[in-house]
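Chain letters run A, B, ... following the sequence lines, proteins first, then strands; residues in each count from 1. Given the structure is predicted, the values throughout are model-derived calculations rather than measurements.
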Number of protein chains: 2
Amino acid sequence: MKRSDYIPKATIERLPLYYRCLEKLSAYEQDEVVSSRELGERLGIPPTQVRKDLSYYGEFGRRGVGYHVEDLKKSLAKILGINKTWPAVLVGAGNLGRALVNYEGFQKMGLQITDVIDSDLDKIGNMVGDITVRSTKDLEDIVKTKQVKIGIIAVPVNAAQDVTDLLIAAGIKSIWNFAPTRLVVPEGIMVRNEDLSVGIVSLIYHLSWENE
Amino acid sequence: MKRSDYIPKATIERLPLYYRCLEKLSAYEQDEVVSSRELGERLGIPPTQVRKDLSYYGEFGRRGVGYHVEDLKKSLAKILGINKTWPAVLVGAGNLGRALVNYEGFQKMGLQITDVIDSDLDKIGNMVGDITVRSTKDLEDIVKTKQVKIGIIAVPVNAAQDVTDLLIAAGIKSIWNFAPTRLVVPEGIMVRNEDLSVGIVSLIYHLSWENE
DNA sequence: TGGAGTTTGTGAAACTAAGAATAAGGCTTC
DNA sequence: GAAGCCTTATTCTTAGTTTCACAAACTCCA
């Protein structure tokens, strides 16, 4: 597939939004075709931005017509890598861990949490959704046999770095980190921080400055 | 407090990171002073960026010395508006809602979830943490009497817009949205989307392109 | 006291992303 | 099949953000 040499990070963040919007369109709308204008309007993104973003990866639309919903959806799935299923192991069977396992949206995006790990002996053996919580001792075996590349960290801050080290030792390549701390990882390991506190603070920031 | 006319959005997103780092420093380190270099190293941000970000709000450091940890922490708290406590009402007593109520980091950032609302009759009256789940009918009363400005949406996608309308009708000014959809709101209402699917997709994206 | 070594604050430069303008292709209608 | 109206793709311009470079301020030590 064509791909420009440099693609803005911001573009990559918008692609999933386009994808999800197309999913909705293909499920509920009868139109086979959507214009960049309509796609943009639904997402609050200018149409020129939509076209620009897509153009990094090729020509998907037809001038004077628009984009074919199904085709573009398939193309985006391929671009995003969600045309296959990615197994993931989640560490931390607390509230957040349970919420993530039960989160509806992941399956559609290609993520499947196949295993849940916890170090708390009381939690091992419990069910989270339809997954049995297993011990950290099993981690390496799980990662190796299922070829898992993604690890999700949903443990308290003070355990996050230890869990990271365990995951990397077991062979994990990408980490999705929900603990509000910066993880130290070797070259080649990708970390995405999903930092909830940052989100709320920027909301509060705007609230507190808004009358000045 | 001094504040430049225009402050980059990216800067505002970094301020909470600085704040949290300072908290850690003030709790575990004996040094009273921290340099922009050290602060940056801990967060993976270049020191010039740290200084520039802070400089939008005034001069907090001493040349040749660095920043006084406690002072800067206090200044940042004031800038971010987290020197006071902001009450918030959470809608949706599912897994995600429970995870949010029990999330440790919020209190420190000035957010206090004071009430939980759900439309599901089976859930009303249940406890989430130490909060009793209440009906949507009580929403307006809660918002008015407690002067709540922040609403948190942790309901399924198809209910999110209805909940948004309810929150706004009740007088909410800022919405933190965990449902993976774009909310339609009137002018003057702030929305922050915390879209978990986007996070995982950008991780998958990098994984799937990495060997090309 | 003065010089060497730090570290901040900031204006300018470089870089990155977004937006506007334009060119080119495609549909519709007569 | 030609004119007029759409819509995409691309180039060019503008805006936004980061990085650089350096003066100013401070510490430490001789």
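By the 4.0 Å N-to-carboxylate-O rule, B/Arg192 lies close enough to B/Glu13 to be salt-bridged with it. Salt bridge present: B/Arg42 and B/Glu38 bring a charged side-chain N and a carboxylate O closer than 4.0 Å.
Atom pair B/Asp71:CG and C/dT8:C1' shows a separation of 15 Å (rounding to whole Å applied). Per the geometry, CD belonging to B/Glu59 stands 10 Å off P belonging to D/dC26, to the nearest Å. Spacing between atom CD of B/Gln49 and atom P of C/dG11 amounts to 17 Å, rounded to whole angstrom units. In this entry the distance linking CG of B/Asp31 with P of C/dT6 reads 17 Å, nearest Å. Distance A/Ile7 CD1 to C/dA18 C1': 16 Å, rounded to the nearest Å. As a whole-Å value, the separation of A/Tyr57 OH from D/dA9 P is 15 Å. In this structure, B/Phe60 atom CZ and D/dA25 atom P are separated by 19 Å, rounded to whole Å.
Counting non-hydrogen atoms under 4.0 angstrom, B/Arg51 reaches a base of the nucleic acid. No engagement by A/Thr11 is indicated, since no non-hydrogen atom pair under 4.0 Å with the nucleic acid exists. Residue B/Lys52 is in base contact, counting any heavy-atom pair closer than 4.0 Å across all strands shown.
For the atom pair CG (B/Leu80) and OG (A/Ser208), the distance works out to 7.5 Å, reported to the nearest 0.5 Å.
For A/Arg63 and C/dA24, a side-chain-to-base donor-acceptor distance below 3.5 Å is present, hydrogens and geometry of angles not being considered.
Across the interface with DNA chain C, nearest-nucleotide mapping of B/Leu54 and A/Arg14 shows B/Leu54 to be the residue nearer the 5′ end.
Scanning residues 37-47 of chain B for heavy-atom distances under 4.0 Å to DNA chain C yields B/Arg37.
Distances shorter than 4.0 Å separate some side-chain N or O of A/Ser36 from OP1 or OP2 on D/dT8. Distances shorter than 4.0 Å separate none of the side-chain N or O atoms of B/Arg62 from OP1 or OP2 on C/dT6.
Counting heavy-atom neighbours within 6.0 Å of A/Lys73 NZ, excluding the residue itself, gives a total above 12.
Nearest nucleotide to the A/Ala10 side chain, out of D/dT8, C/dA17, D/dC20: C/dA17. Picking from C/dA18, D/dT27, C/dT8 the nucleotide with the shortest atom distance to the side chain of B/Tyr67 gives C/dT8. Distance from the side chain of B/Tyr6 is smallest for D/dG16 among the nucleotides D/dG16, C/dG26, C/dA17. Nearest nucleotide to the side chain of A/Val65, out of C/dC27, D/dT17, D/dA9: C/dC27.
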Show, in sequence, the C-alpha distance, side-chain angles and deciding distance for B/Tyr205 and A/Ile82, and conclude whether the side chain to side chain contact (heavy atoms under 4.5 Å, CB included) test is met.
CA-CA 8 Å; B/Tyr205 172 89; A/Ile82 58 183; over 6 Å; no
